[in-house]
Amino acid sequence: MRRLCRLAELPDPGSARFELPDHPYGYSLCLVRRDGQVYGYLNSCPHTDSPMDWSPGQFLAGDGRHIQCALHGALFEIESGRCVAGPCRGDRLTSVTVYVDGGVVYLGEDFE
Ligand code: FES
């Protein structure tokens, strides 16, 4: 069970980026909190597999209601990861299981 951060460190709405350099694939994760829920995705846009953050850990569009890829502006639903606008419309981000326990955000064991 890998600890990512304290829940209080994530604004609502807000986002953060986590690197997993010791994972076999060296993943980068996108974590988003909105309406009390926390969602996890690989930090990899389905358009070109590029990282999506505007600056490290900043994934949200100005409306705070979508994840937005910094490279070509694709918009993704926070809850489902589905692209609703942009060059990869209809594609999805790769979901990563995260959960909150005792005010701490953890990475799901199925990902490790
Ligand atoms: S790389 Fe994300 S929209 Fe093009």
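Just so you know, ligand 1 is whichever comes first in the structure, and atom 1 is the first atom listed for that ligand.
There is no path of hydrophobic side-chain contacts, each under 4.5 Å, that joins Phe76 to Leu42.
Around the CZ atom of Arg17, the shell of radius 6.0 Å holds more than 12 heavy atoms that belong to other residues, nucleotides or ligands.
Counting heavy atoms from C-beta outward, Leu107 and Leu20 have side chains that approach closer than 4.5 Å. When side chains are defined from C-beta on, Tyr41 does not count as touching Val32, because their heavy atoms never get closer than 4.5 Å. When side chains are defined from C-beta on, Cys88 counts as touching Cys45, because their heavy atoms get closer than 4.5 Å.
In this structure, Arg92 contributes its side chain and Ser80 its backbone to a donor-acceptor pair below 3.5 Å.
Closer than 2.8 Å to atom 4 (Fe) of ligand 1 sit the protein N, O or S atoms His47 ND1, His72 ND1.
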